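Let me begin by presenting the structure, written as structure tokens, before commenting on it.
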Amino acid sequence: MHRRLFVALSASALLLAAMLPAAAVARNSATSAVATYIVQMEAAPVVAYGGGVAGYAATRPAKGKKINPASANVVKYAGYLKRQHAAVVAKLTGATKMYDYVYSFNGFAARMTGAQADKLKGAAGIVA
């Protein structure tokens, strides 16, 4: 009786040990697979920016008004946000920025690995 139990437990342990490396490989492949991520930055987008960054005038429109995307202040602040996006992507070797969002949402879309996306979680200036 004890021998059968020992053999059964040993077989179960071997099966479990054989499965662990497969689970680790599956987790690693998920973090190394390239996908498109949308990253939200902390700074206010153009429609909500009330000033505060040296050299950049407020772009938030008055109540009931719309922004003028061609105004010098909007173009300048939008460029500032895009440079911030590029700086984040530049720190992620192999990541590629696809699109900038600056008017009603401050962020960007980028192709990167899950590990790179995890690296951004909690980083300064990153919301989500």
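When reading the values below, keep in mind they use all heavy atoms of this one structure, side chains included, and skip hydrogens, waters and symmetry mates. Quantities reported herein were computed from a predicted structural model and do not represent experimental measurements.
- Considering K82, Q84, K76 in turn, Q84 is the only one that fulfils the side chain to side chain contact (heavy atoms under 4.5 Å, CB included) rule with Y80.
- Hydrophobic clustering, with ILVMFWY side chains joined whenever heavy atoms are under 4.5 angstrom apart, groups V53 together with V46.
- Q40 CD: more than 12 foreign heavy atoms inside a 6.0 Å radius.
- Scanning all heavy atoms of the two residues, the minimum distance from N106 to A43 falls at ND2-O, 2.9 Å.
- In the hydrophobic cluster analysis, where Ile, Leu, Val, Met, Phe, Trp and Tyr join through side-chain heavy atoms closer than 4.5 angstrom, Y99 is grouped together with I38.
- Nearest heavy atoms, Y37 versus A117: CE2-CB, 3.6 Å.
- Ring planes of Y77 and Y49: parallel class, angle under 30° (limits at 30 and 60°).
- Tracing side-chain contacts under 4.5 Å through hydrophobic residues (I, L, V, M, F, W, Y), one never reaches L81 starting from Y101; they form parts of separate clusters.
- Among N68, N73, V47, I67, the one residue that satisfies the side chain to side chain contact (heavy atoms under 4.5 Å, CB included) test with T59 is N73.
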Q: Start with the C-alpha gap between K121 and I126, add the side-chain angles, then the distance that decides, and say whether side-chain contact (heavy atoms from CB on, under 4.5 Å) holds.
A: CA-CA 7 Å; K121 288 180 183 176; I126 307 292; over 6 Å; no

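- Ring pair F105/Y103: centre-to-centre distance not below 6.0 Å.
- In this structure, a donor-acceptor pair under 3.5 Å is absent between the side chains of T96 and R111.
- Linking ILVMFWY residues whenever their side-chain heavy atoms come closer than 4.5 Å, directly or via other members, places L120 and M41 in the same cluster.
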